[in-house]
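Below: the structure, in structure tokens.
By convention in this document, chain letters (A, B, ...) are assigned in the order of the sequence lines, proteins followed by strands, and residues within each chain are numbered from 1. Owing to the predicted nature of the structure, the values given are computational and were not obtained by experimental measurement.
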Protein chains: 2
Amino acid sequence: MKEGPDISRVAALIGDPARANMLTALMTGKALTATELAAEAGVTAQTASGHLAKLFDGGLVQSRKQGRHKYFALAHGDVAVALEGLMGLAGGELRTRTGPKDAALRQVRVCYNHLAGQMGVQMFSSLILRGYMRDDPDAPILTASGQEFIAQFGVDLDALSQQRAPLCRSCLDWSERRTHLAGSLGRAILTKMEQSGWVKRDDKSRALLFSQAGASAFQVAFPETG
Amino acid sequence: MKEGPDISRVAALIGDPARANMLTALMTGKALTATELAAEAGVTAQTASGHLAKLFDGGLVQSRKQGRHKYFALAHGDVAVALEGLMGLAGGELRTRTGPKDAALRQVRVCYNHLAGQMGVQMFSSLILRGYMRDDPDAPILTASGQEFIAQFGVDLDALSQQRAPLCRSCLDWSERRTHLAGSLGRAILTKMEQSGWVKRDDKSRALLFSQAGASAFQVAFPETG
DNA sequence: CGAATGCTTCGGCTAATATCGAAGTATGAA
DNA sequence: TTCATACTTCGATATTAGCCGAAGCATTCG
């Protein structure tokens, strides 16, 4: 009578309108906070909290606590695939929403001491896609080829590993809502970029000012799609 | 927020255990009567009637009356694709149970009307690696050499391209977690294999029974190049 | 013609669950 | 510290929806 896995459980999870709205909102690939998802679903915070707990238990979303916010994202690509399949049956359309303010800050800025914004996310994903780094659930891990790449970039890894602070750490990007590289390595890379004259910090804001040559060099070092 | 075409509606349809069992039973591609589906779902005939009406209204199944029987089948291939996607999500949770029947199903089975399981994935990747097919993000594309290969295999491509249904389509395999070939071409290939006596369908399950000669011929036609 | 089978509709019972108000924790800011 | 924000837990309510018994059509067969 029963063949294959039980699909009713996971389908029932998606079958609630509030949860379905949350999941579709997460289809952008960006992480959203619990309150944002509550607004997206049109329910109160308490209700949303219950829904999100169920989605987490069902393995459809992953969560990440950062400060007093809790960010949620789809657990993995298979979830998006399944959702797309359902959308094909419903003939649905996708809507987009996220509103950052300053365009310059959204493109690139400093986050404590490391690179953030669109370029920060690009650097991180470029490292991942070329096999220099592995996005472990716990923390990113620099591979052997990655260590070589970073050394050639001009960062002294041995000195960094002496420090107490973790070498690699992923940080959720404010505007992009995707992970970028933090930790002592992220800090060292930004420092190296400053030393090389690629970029200067703005005194008043978190904006970063790339020189024309620096921007070009960045694109060469961390190309967009691998 | 009650806007637009709802993914939750169709997901809720699949979300009921009885309906999910009916749909999985229909994944064989065979049409089943209402009473057969009632037994499959473990409910009475009245309950099944209500479920099937809902599935029909939701566009997931098609029905045709024949004498005093009413036969149901999946509405179209997209439904099977969506169901397989959901199975991929639910598969991870039920890793513990692997019966003898599951092993056979993992190796090869029928997905609506095309080949699935380990052999289905092998066929797909064999076509890709030999340059007969290109795995476009949108949908797989048959190359010129691929068209020649398929024609030699004994499938009339001209007749297929006349149909409204897409020729090539990728479907995510729930056991292998990789794509296999669906669409009218996938269906035609399986039909050809049946006509050639390579394989027979099981009446009760999604299992496929390859003859010894058929299995050998399959390995010759779609070698494991990877 | 009855009798039997396959399917559907109706009514009521029951269980599940989505929802929100209120109160409780945790983190960050003033 | 004190306050505000973000999120969670608890309790109660209400709507929903699955389920089956009983009865009603429709079709087929003896």
Please say whether the positively charged group of A/R130, taken as NZ for Lys or CZ for Arg, lies over the ring of A/F149, i.e. under 6.0 angstrom from the six-membered ring centre and within 45 degrees of the axis. yes
Please confirm whether B/R64 makes a cation-pi placement over B/Y71, using NZ or CZ under 6.0 Å from the six-membered ring centre and within 45° of the ring normal. yes
What are the atom names and distances for every N/O pair under 3.5 Å that joins the protein to nucleotides 3-6 of chain D?
{"residue": "D/dT5", "atom": "O2", "partner": "A/R68", "partner atom": "NH1", "Å": "3.3"}
{"residue": "D/dA6", "atom": "O3'", "partner": "A/R68", "partner atom": "O", "Å": "3.1"}

With sequence neighbours excluded, give me every side chain to side chain donor-acceptor pair (under 3.5 Å) pair touching residues 52-62 of chain B. none
Each nucleotide N or O in nucleotides 19-23 of chain D that has a protein N or O under 3.5 Å away: list the pair and distance.
{"residue": "D/dC19", "atom": "OP2", "partner": "B/H51", "partner atom": "NE2", "Å": "2.6"}
{"residue": "D/dC20", "atom": "OP2", "partner": "B/T44", "partner atom": "N", "Å": "3.2"}
{"residue": "D/dC20", "atom": "OP2", "partner": "B/T44", "partner atom": "OG1", "Å": "3.1"}
{"residue": "D/dC20", "atom": "OP2", "partner": "B/T47", "partner atom": "OG1", "Å": "3.1"}
{"residue": "D/dG21", "atom": "N7", "partner": "B/Q46", "partner atom": "NE2", "Å": "2.6"}

Could you tell me how far apart A/D57 (CG) and D/dT9 (P) are, to the nearest whole angstrom? 10 Å
Here the distance between atom P of D/dC7 and atom CZ of A/F56, to the nearest Å, is 15 Å
Any luck finding a side-chain donor-acceptor pair between A/Q219 and A/E224 under 3.5 Å? no
Which residue, B/V79, B/I7, B/L13, B/L83, forms the side chain to side chain contact (heavy atoms under 4.5 Å, CB included) with A/L89? B/V79
Should we count CZ of B/R201 as having more than 12 external heavy atoms under 6.0 Å? yes
Ring centre gap for A/W198 and A/F222 strictly below 6.0 Å: no
My understanding is that only residues two or more places apart in sequence, or in another chain, count here; which of them pass side chain to side chain donor-acceptor pair (under 3.5 Å) with A/T35? A/T33
Going by the rule side chain to side chain donor-acceptor pair (under 3.5 Å), which residues pair with A/R187 if we only count those two or more places apart in sequence or in a different chain? none
Distance check: side-chain N/O of B/K54 vs OP1/OP2 of D/dG18, anything under 4.0 Å? yes
Span of DNA chain C engaged by chain B, first through last nucleotide within the 4.0 Å heavy-atom cut-off, is C/dA4 to C/dT9
Is any side-chain heavy atom of B/M27 closer than 4.5 Å to a side-chain heavy atom of B/C111? yes
